[in-house]
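This report concerns only the one structure given below.
Proteins get letters first, then strands, A, B, ... in listed order; numbering begins at 1 in each. Since the model is a prediction, treat every value here as computed from it, not as a measurement.
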Amino acid sequence: MFSFLARRLASTIPVLLVVGVFIFLLLRLSPGDPATVLAGDQATPEQIEAVRRNLGLDQSLLIQFFGWLKRVLAGDLGQSLFSNIAVMDLVLQRLGPTIALALATIALAVLIGVPLGVLAAWKVGRWPDQLVMAIASAGFSIPLFIFAFGLIWLFGLKLRWLPVQGYSPPSAGVGPFLASLVLPAVALSVVYLALIARITRATIVELLNDDFIRTAEAKGASHSRIMIKHALRNAAVPILTVVGVSFSMLLGGVVVTENIFNIPGVGRLVADAILKRDYPIVQGVVLLFAGFYVVLNLVIDLCYAALDPRVRL
Amino acid sequence: MTRNFGYLVFDTLFAMDADMRPQPQMVKSYDLSADGLTYAFTLRDGLKWHDGAPVKAEDCVASLLRWWQKDQMGQRIKARAVSLETIDDKTFRLVLKEPFGLTIDALAQMDVYVPFIMPKRIAETPPSKVINEVVGSGPFKFVAKEWQPGAKLVFEKNADYVSRPEPMSGLSGGKTPKLDRIEWIIIKDPQTQVSALAAGEIDMIERVPFDLLPMIKETPKLKIEALSTYGDQLMLRMNHKMPPFDKQEVRQAVEIAQDQKTYMEAVVGAPDGYQLCNSIFTCGSGYATEVGTQLLAKGDKAKARELLIKGGYAGQKVVILQPTDNPIFSTASLVAAQTLRQIGMNVEVQAMDWPTLQQRRAKDAPLDQGGWSLFFTSGPGVAIASPLTNPLLPASCEKAWAGWPCDSEAERLMDAFVKAPGAAQRKELAAAVQTRSLEIVTYIPLGQMNYTTGYRDVVKGVRKAAFFTFWGVSIDR
């Protein structure tokens, strides 16, 4: 177990290095230039060049890359070219809303998606199954921004139950914090809820034909006990996989939700940074997220072992 | 945004009043020597930085030394300056080698690089470096610890601000801060902005997207008002160095083929959101005139085709840079493409984001090597109003802004404008600058867009000015 953990953690180093080189080159090779943006629309070529020199962007790519790598190895992700604030400080400032949104979304998706999937599998071929599958198809099909604006219109503007935008940190009170998360989490969770419900249903329907289920039925176990104790437990590994993948996708894909609901999260931070060509922010956030994905996958692997003793680490 | 931030936090030596006349702001009084060469400025009593230190003349000198390295008008003063020095804590002196009648106007200019006054230690930061510390002497203090770049800025009332006794006029006069706290929330999505205003979660949207104005009009307790005196001018810029726009007749063909109304209807829509304006200089400002506008945006396609033949246009490709992340310029690019196709030009629209466009437009190369033919930009009416602050007017070849118009006559007229001894002569020369500019087509003005502010009825004291200002504004809930 220990050697497995050590091996997996060691494997993050080449992954992060490749990601680092890739994102560094991708940013430098893409058109656009932070010096031009920073110098202002009316700046002369000389003024832009002076800004470029100041930012060190006139140096060769190799010098820039190794300079950045050296700082990263020392734990310094650099500073924003525009605000001069440390990238790590900016990420920490924005991480709370993004994590809260992601956790709320995944919690909603799991808490609703898994029972719906179980229900559909239980009543397979009958109206509850068809209803759940119709909801799942709709969840996949409705564009996020349309659903989100529909929620804003109904619950924010017409009923006035919930705020239409913004994020209240937990320090502002549990009520405002949860209220600020409801609409974005519901809007964002629909697609993941649909995915989890479908996977749960498909896995359980398949398991219900297995010998161990027939054995349980032969022993006289109740249908609900078979569904929850036997089928759902054995379906846990594929469900966990899709939850893990969904969580990874969520963190990378919250930009649209953060924009629509005006949540100052990491998604918006990095989207703004890309538009301004604020290289240190984009590089730093991508690197942190790559590291997070590697660790998340490791945690999922460890959960497999806990849920299924047949999995050997 | 940067300019509005500056006016909240910093103060200026002079400020333009509602009639675009410079009035003393931080300055109590100034003397100009009889030969027009020496200005001696005296600061008002009681001016303080937000950290409590007194504003001194040395701060003003350091700030102007930074400003005149960057700004077009500042550079003209710098080129004529013999010295700029502190006399004592309250007084400083500018000595010129030749008179420059627009010195005070330059110190009161409202856009591009505004000569904001900052503490000496901050002003000594090279102009190419970002300032790390925001300490001003303006009516509001920036609360750095609550700053979330790209998301939120917070300002608090500067209780120590010493307002001028005169009534507010334009950007001049008493700038009394009445709001205890201002939260600038950056909401990216226009629909969310309007929803937040309708739900009462915010009190004001500085610029309501044109297509969402009807939504605000229909919502009780919300108001909309065009508070900006001059709005922004939409501008079409061609590349004078590369075919086919290296030929004046071809540029004139494009100029006469355009129709301002088509552009304004496409990018603004609401009739009260724009103003058609034949003048290069902002309509409603002192230099606005119809002189020399016979070729401008007549929508005359037949005449345009004639001019194309005269200019020897033979189907060369025209590349339009279309910034898809800017709805106004993006739409205008499509209108231009259609117009040019109607007169028989071979047009290719290349989509990109704004930073890519900024980099691309600086490229002085043929089309097959990443060059370009035309793009759209806009300028604030307050800057476009004068030959000296309109950044697209210089025709100084390599030194001119992207597009590089090159014309010695236009430069001669501009120089004469700078040296003109009085207002009447300047007005005459501005008309001459406009005539020449439209003849060589330095750029094509395509109308003034009047941005509209949306606000809740609890907001009191909003008023028309060059742009939105927070002093004098209060909330009555």
Is it the side chain or the backbone of [X] that comes within 4.5 Å of chain A heavy atoms, both, or neither?
{"X": "Lys70(B)", "answer": "both"}
{"X": "Trp354(B)", "answer": "side chain"}
{"X": "Thr2(B)", "answer": "neither"}
{"X": "Arg360(B)", "answer": "neither"}
{"X": "Ile186(B)", "answer": "both"}
{"X": "Ala196(B)", "answer": "both"}

Using 4.0 Å as the upper bound for N to carboxylate O, is an ion pair formed by [Y] and [X]?
{"X": "Lys241(B)", "Y": "Glu398(B)", "result": "yes"}
{"X": "Arg76(B)", "Y": "Asp71(B)", "result": "no"}
{"X": "Arg277(A)", "Y": "Asp353(B)", "result": "yes"}

Checking [X] against chain B: side chain, backbone, both or neither under 4.5 Å from a heavy atom?
{"X": "Gln93(A)", "value": "side chain"}
{"X": "Ile263(A)", "value": "neither"}
{"X": "Phe145(A)", "value": "neither"}
{"X": "Arg53(A)", "value": "neither"}
{"X": "Ala39(A)", "value": "backbone"}
{"X": "Asn259(A)", "value": "both"}

Between chain B and each of [options], count heavy-atom pairs under 4.5 Å; write down the option with the most.
{"options": "Ser83(A), Gly166(A), Ala148(A)", "result": "Ser83(A)"}
{"options": "Leu55(A), Ile260(A), Asn54(A)", "result": "Asn54(A)"}
{"options": "Leu38(A), Val51(A), Ile48(A)", "result": "Val51(A)"}
{"options": "Ser30(A), Pro163(A), Ala35(A), Pro45(A)", "result": "Pro163(A)"}

Do [Y] and [X] have ring centroids that are under 6.0 Å from one another?
{"X": "Phe467(B)", "Y": "Tyr7(B)", "result": "yes"}
{"X": "Trp184(B)", "Y": "Phe155(B)", "result": "yes"}
{"X": "Phe142(B)", "Y": "Phe5(B)", "result": "yes"}

With no hydrogens and no angle check, just 3.5 Å: does a side-chain donor-acceptor pair link [X] and [Y]?
{"X": "Thr36(A)", "Y": "Gln358(B)", "value": "no"}
{"X": "Thr98(A)", "Y": "Glu258(A)", "value": "yes"}
{"X": "Asn239(B)", "Y": "Arg361(B)", "value": "no"}

When you measure from the centre of the six-membered ring of Tyr451(B), is the NZ or CZ of Arg207(B) under 6.0 Å away and within 45° of the axis?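 Yes, a cation-pi geometry holds between Arg207(B) and Tyr451(B).
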Mind running side chain to side chain donor-acceptor pair (under 3.5 Å) on Tyr443(B) and Gln233(B) for me, showing each step along the way? CA-CA 11 Å; Tyr443(B) 77 92; Gln233(B) 185 186 70; 2.7 Å; yes
Which one wins on heavy-atom pair count under 4.5 Å against chain A: Pro391(B), Ala400(B), Pro355(B), Ala362(B)?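 Winner by heavy-atom pair count: Pro355(B).
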